[in-house]
Asks: 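Quick one: this structure, given as structure tokens, is what I'll be asking you about.
Just so you know, these numbers use all the heavy atoms, side chains as well, and skip hydrogens, waters and symmetry mates.
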Amino acid sequence: MLRPLLLTCAALLALAPAARSEAPMRGHGGPVRALAVAPDGRLAISGSFDQSAILWGIDEGAALAVLRFHDGAVNAVAALPDGRMATGGEDGRIALWRLGRPEPLEVFADHAGPVAGLAVSPDGLLLASASWDGTARVRPLAGGPVRELSGHRGNVNGVAFLPDGRLATAGYDATLRLWPAGDGPDLAVALPTPLNAVAAAPDGEIAAAGADGSVRLLAPDGRERAAVALGPRPVIALVLSPDGTRIAAATVGGSVAVIDRKAAVLRFTLVGPGLPVWSVAFRPDGELLTGGSDRLVRRWDMTSGEPIGPLALTRPPDVFAGLDGERGAEVFKACVACHTLTPDGGNRAGPTLHGVFGRRIATAPGYPYSPALKHLDIVWSAETIARLFEVGPARYTPGTKMPEQTIGDPGDREALVRFLEKATKEKATP
């Protein structure tokens, strides 16, 4: 029954315009990690930490298909000029889809780590992928040899094609690398912060951003032209408007900065419900789509900077209230994008930490754990949590979805544990 249903939705979208919806698009069961818009501006695809992708009719606010294939979060999506869609997952696989088919057309599994970014070349012939295995790959969509690009030391978080066919990659090692379209050496540009995202303008200028909350603009040869400081919160997604005049930069703090690229100044800020915004995408008419931890895809009018449809501005309880200056709370702020602490906080990219002390690993309700974690013999305590951040998740909990990070200062580890003991404590039932 699935295939006829999808074909009917596609036919209705193509032949009879439905009533225009101004409500946010609901359907994901987890944060919306990735967004892309089809060239005609009518369809979008979103990827989520809930391990699914959804194809949307944007104006109708309707889900045309829910695509389930990846074993783990869908971290990256791309729209191809011929109507196909691509998804990249935490499982290291890339899948190609077409509306009306419930299974992938093709699957590529040559990455050895999570796929974090996808990009389509300007001529639509190549698909580039960025991965936490430390490489990027360039794949001819018509078939043929796949080009592996190695040079980053650590996660490659973003990838973008320049108009001349070169490729830009953004790494957690704080380098932007520019790769030639053919054979030849790459150019490594050292920047002062780990990079999360990269985008390229029609004239070849490059925008890159990451952990320090600044968007840097670089010439096609890698020289920095300007930097726009947006605040202390990391930038986790970037997109350029179709005409290349504006940059939308999404942050862990929940806002989206709209930057005038030529002037290198902040024009205005889109303020949402205060949860991390993980993904951004422009439609051809300039409308912006955002996806965040509220599990919604929202639409924004770039003329007014206002949301299209209702926007609930209620914020979740401030878990840091009354804790200003407490060292453990400061250390935990690096974790707040992925973990909640309160009974009603729920799961985000990672499981809720409410009640974590005394809980066996991989047993928080409703979270899709990596299979490898379910076989580990760990109960979370002050000692085991401290050890996790001393040696790093990859060594202590092999097979984890958690990004690799350590806390080298023993005092900081102790402060974090003390904070978590208070903030995640189960309340006694009266």
Side-chain angles (χ1 to χ4, degrees), residues 2-29 31-48 50 52-67 74 76-87 97-102 118 120 124 237 239-246 248 250 256 258 268 270-273 277-313:
L2 180 60
R3 184 172 298 178
L5 174 62
L6 298 183
L7 290 171
T8 300
C9 291
L12 288 174
L13 183 63
L15 299 176
R20 182 182 177 91
S21 172
E22 294 189 346
M25 287 171 263
R26 301 175 182 271
H28 280 299
V32 181
R33 175 68 177 83
L35 278 172
V37 174
D40 66 4
R42 301 174 68 191
L43 294 176
I45 184 169
S46 59
S48 172
D50 68 4
S52 76
I54 296 180
L55 288 173
W56 303 93
I58 300 173
D59 286 330
E60 300 77 14
L64 305 180
V66 178
L67 309 176
V74 180
V77 296
L80 280 58
D82 63 2
R84 290 180 296 170
M85 303 282 185
T87 59
W97 306 82
R98 190 180 296 280
L99 184 63
R101 293 179 59 99
L118 292 172
V120 182
V239 69
L240 274 93
S241 61
D243 61 7
T245 62
R246 290 173 295 179
V256 178
V258 179
F268 55 88
L270 311 179
V271 180
V277 178
W278 290 96
S279 52
V280 282
F282 274 106
R283 299 180 76 179
D285 63 3
E287 180 181 296
L288 186 71
L289 304 184
T290 63
S293 287
D294 58 4
R295 307 177 184 183
L296 303 179
V297 177
R298 298 183 181 276
R299 298 167 56 196
W300 300 82
D301 184 332
M302 288 293 95
T303 302
S304 64
E306 295 296 322
I308 297 174
L311 176 65
L313 291 174

Asks: Hey, what do you get for CG (L80) to CZ (R98), rounding to the nearest 0.5 Å?
Replies: 9.0 Å
Asks: Locate the shortest heavy-atom distance separating M25 from L289; write the atom from each residue and the value.
Replies: CE-CD2, 4.4 Å
Asks: Taking all non-hydrogen atoms of both residues into account, name the closest pair between P39 and P284 and its distance.
Replies: O-CG, 3.3 Å
Asks: Which atoms form the tightest heavy-atom contact between A36 and A78, and what is the distance?
Replies: CB-CA, 3.9 Å
Asks: Which pair of heavy atoms, one from I54 and one from G27, lies closest together, and at what distance?
Replies: CD1-C, 3.8 Å
Asks: Quick one: are L43 and M85 in side-chain contact, heavy atoms under 4.5 Å?
Replies: yes
Asks: Starting at CG of D59, measure out to CZ of R283 and round the result to the nearest 0.5 Å.
Replies: 4.5 Å
Asks: Hey, is the main chain of T245 close enough, under 3.5 Å, to the side chain of S241 for a donor-acceptor pair?
Replies: yes
Asks: In Å and rounded to the nearest 0.5 Å, what is the CG to CZ distance from D50 to R33?
Replies: 13.5 Å
Asks: According to side-chain contact (heavy atoms from CB on, under 4.5 Å), who are the partners of T87, at least two apart in sequence or on a separate chain?
Replies: I45, A53, H70, V74, V77, A95, W97
Asks: Let me confirm one number: the OG1-CH2 distance from T290 to W278, rounded to the nearest 0.5 Å.
Replies: 14.0 Å
Asks: Can you tell me how far the CE atom of M302 sits from the CZ atom of F268, to the nearest 0.5 Å?
Replies: 4.5 Å
Asks: Check the pair R298, V32 against side-chain contact (heavy atoms from CB on, under 4.5 Å), reporting the backbone distance first and the verdict last.
Replies: CA-CA 10 Å; R298 298 183 181 276; V32 181; over 6 Å; no
Asks: Using side-chain heavy atoms (C-beta onward) and a distance below 4.5 Å, is V277 in contact with L270?
Replies: no
Asks: Nearest 0.5 angstrom please: E306 CD to W300 CH2, how far?
Replies: 8.0 Å
Asks: List the atom of R299, the atom of I58, and the distance in Å for their closest heavy-atom pair.
Replies: NH1-O, 3.7 Å
Asks: Could you list the residues that satisfy side-chain contact (heavy atoms from CB on, under 4.5 Å) with A237, not counting sequence neighbours?
Replies: A250, V280
Asks: Check salt bridge (Lys or Arg N to Asp or Glu O under 4.0 Å) between D285 and all other residues, then give those that pass, not counting sequence neighbours.
Replies: none
Asks: Determine the minimum heavy-atom distance between W56 and H28, stating which atoms define it.
Replies: CZ2-CD2, 4.5 Å
Asks: Would a distance-only check, ignoring hydrogens and angles, find a side-chain to backbone donor-acceptor pair under 3.5 Å from S46 to A34?
Replies: no
